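Keep in mind that what you see is a predicted model, and the values were worked out from it rather than measured. To find a chain, count down the sequence lines: A is the first, B the second, and so on, and within it residues start at 1.
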Amino acid sequence: MAPSPTGFLHIGGVRTFLFNWLFARQVGGECLLRIENTDTSREVAESVEQIQESLRWLGIDWDGPVKFQLDTADTARELAQQLLRDGHAYEDDGAIRFRQPKEGVVSWEDAVRGHIEFQNDLLPDLVIVRGDGRPTYNFVSPVDDITDGITHVIRGEDHVSNTPSQINILRALGAELPVYAHVPNINGHDGKKLSKRHGAVSVDVFRADGYYPAALMNFLALLGWSYDDHTTVMSPQELVERFSLDRVGASPSTFDYAKLDWLNGVYLRDLDPQEYARFLLVWLGEQGIDWPEETVRATVPLIQEKLEKLSQYPDYVRFLFEPVAPTTEDPATCAAAVEALTPVDPWEHASIETALRNLAERLGQKPRQTFGPIRLAITGAKVSPGLFESLELLGKPESLARLAASS
RNA sequence: GGCCCAUUCGUCUAGUGGCCUAGGACACUGCCCUCUCACGGCGGCGGCACGGGUUCGAAUCCCGUAUGGGCCUCCA
């Protein structure tokens, strides 16, 4: 991965790395994380930390220590000298250029795109070592592939046109060629490269929005890859078992935020309540929301079926943690509710429901007519978790107080 | 401009010459369920970019056009 100047990990790069990871894990290979850095600034160091943190959060791991492109600069320089001696390179204005073959074609069988070939005489003699001695990306990249024993290069399609040069370099060095797989890009809704104006693009923004890591991974895997004609929901383990490069498509896809939201809702609803509470508590902590843990845990059964992502949580349950402004919507019903609820004991949702349904009947109203004003007085909103469960959680004294205040 | 690549419902996709009257999912939408919202159930809308071939037969193969994208840097 290239270190990102902003420090944030772009979701497109993650998707590409995910394909590497799925492939490596499935075939029992190694997955290396290499940072294609060109300097060692503090920005790079922070960016590297950020990349690792985001990857780990998503559930992607890698083997061995993180590698850096810069680490092999010396090796690259030596190999450049070798190419110079062998006549595969020449000096030009202090730089060293690779001498491309002048005839024939260079081709490879791309694991996702099939046969691709370029005419050698159209390839420019590219600079492999700059005048100041720093080797360039297009040289270090294949050199690192040799050094690290890379068998499969799975990368974005923007590298397709670099590949013929890298293959020629590898051949000139007498190295074996890896398998290349160029995966399609991810676009925004306008067909342009996915960027901030389309919505969230960095992993930590998705994290802050309350997406579940496995759901995000599932969604990302489906961008350009499919298992069959009907399977959509797949756990990380299932993805690893089922992934294959030959089922990766060749055409770019559009990031569909609505579908991600739906899929995330599927995962959240399917979560064990204990795990849901754990995930929710961690998220609240990251958001700096400090609500009592026990109450938060108690809300889980009330909202688990309703949320697509955790960022929707606070608005649903805020009434349990903060005061609610009285309403003047229907004072009579609120007053009647106070009377109906005062004798309720024990204060449980079932007994509360009985009392309130009886009240509606006595008033000659449909349940929704009666419950509406009560909901508003209790939660301060027209949309809320189940009314009876909400009343139970709020507690009898506070519930009666709020109804009284609106009567 | 040159080279390379892509093109199936709005979106993600299944489809590798006959199983396709093109299947699924999201979105949208109608009905049902229902204390709101959501969930769930049953329906609906909607697509092979275009033009030529090849073939008994093409979404699938070939050619062209159009559109979109990538690269063309002593960037990565």
A.B. asks: Angle between ring planes, Phe17(A) versus Trp62(A), binned at 30° and 60°: parallel, tilted or perpendicular?
C.D. replies: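 Answer is perpendicular, since the angle exceeds 60°.
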A.B. asks: Using a 4.0 Å heavy-atom cut-off across all strands, classify Leu222(A) as base, sugar-phosphate, or nothing.
C.D. replies: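 Result for Leu222(A) = sugar-phosphate.
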A.B. asks: Once you apply the 3.5 Å cut-off to both distances, tell me the Watson-Crick or G-U wobble partner of U73(B), or none.
C.D. replies: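 Base-paired to nothing in any strand shown.
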A.B. asks: Counting only non-hydrogen atoms, which of residues 240-257 of chain A are less than 4.0 Å from RNA chain B?
C.D. replies: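 Those residues are Arg247(A), Ala250(A), Ser251(A), Pro252(A), Ser253(A), Thr254(A), Asp256(A).
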A.B. asks: Return a table of donor-acceptor pairs under 3.5 angstrom between the side chains of residues 75-85 of chain A and protein atoms on other chains or two or more places apart.
C.D. replies:
from	atom 1	to	atom 2	distance (Å)
Arg77(A)	NH1	Gly133(A)	O	2.7
Arg77(A)	NH2	Asp74(A)	OD1	2.7

A.B. asks: If only side-chain N and O atoms of Thr136(A) are considered, is one of them under 4.0 Å from the OP1 or OP2 phosphate oxygen of C74(B)?
C.D. replies: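 Result: no.
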A.B. asks: Apply side-chain contact (heavy atoms from CB on, under 4.5 Å) to Ser251(A) and list each qualifying residue two or more places apart in sequence or on a separate chain.
C.D. replies: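 For Ser251(A), no residue satisfies side-chain contact (heavy atoms from CB on, under 4.5 Å) once neighbours in sequence are set aside.
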A.B. asks: May I ask you to evaluate whether Arg368(A) reaches the phosphate of U34(B), defined as a side-chain N or O under 4.0 Å from OP1 or OP2?
C.D. replies: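 The answer is no; no side-chain N or O of Arg368(A) sits under 4.0 Å from OP1 or OP2.
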A.B. asks: May I ask you to check whether His198(A) and Phe255(A) place their ring centres under 6.0 Å from each other?
C.D. replies: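 Judged by ring-centre distance (under 6.0 Å), Phe255(A) and His198(A) do not meet the cut-off.
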A.B. asks: Reckon Arg134(A) has a side-chain N or O less than 4.0 Å from the OP1 or OP2 of C74(B)?
C.D. replies: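 Answer no for this pair, as no side-chain N or O of Arg134(A) is under 4.0 Å from OP1 or OP2.
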A.B. asks: Which residues in residues 80-95 of chain A have a heavy atom closer than 4.0 Å to any atom of RNA chain B?
C.D. replies: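 The answer is Asp92(A), Asp93(A), Ala95(A).
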A.B. asks: Heavy-atom contacts under 4.0 Å between residues 371-384 of chain A and RNA chain B, which residues?
C.D. replies: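 Per residue number, the list reads Phe371(A), Arg375(A), Lys382(A), Val383(A), Ser384(A).
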A.B. asks: Could you list by number each residue of residues 147-157 of chain A showing a heavy-atom separation from RNA chain B of less than 4.0 Å, or answer none if no residue does?
C.D. replies: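 Residues of residues 147-157 of chain A that come under 4.0 Å of RNA chain B are, in numerical order, Glu157(A).
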A.B. asks: Side-chain N or O of Arg15(A) less than 4.0 angstrom from OP1 or OP2 on C12(B)?
C.D. replies: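 Negative; the distance criterion is not met.
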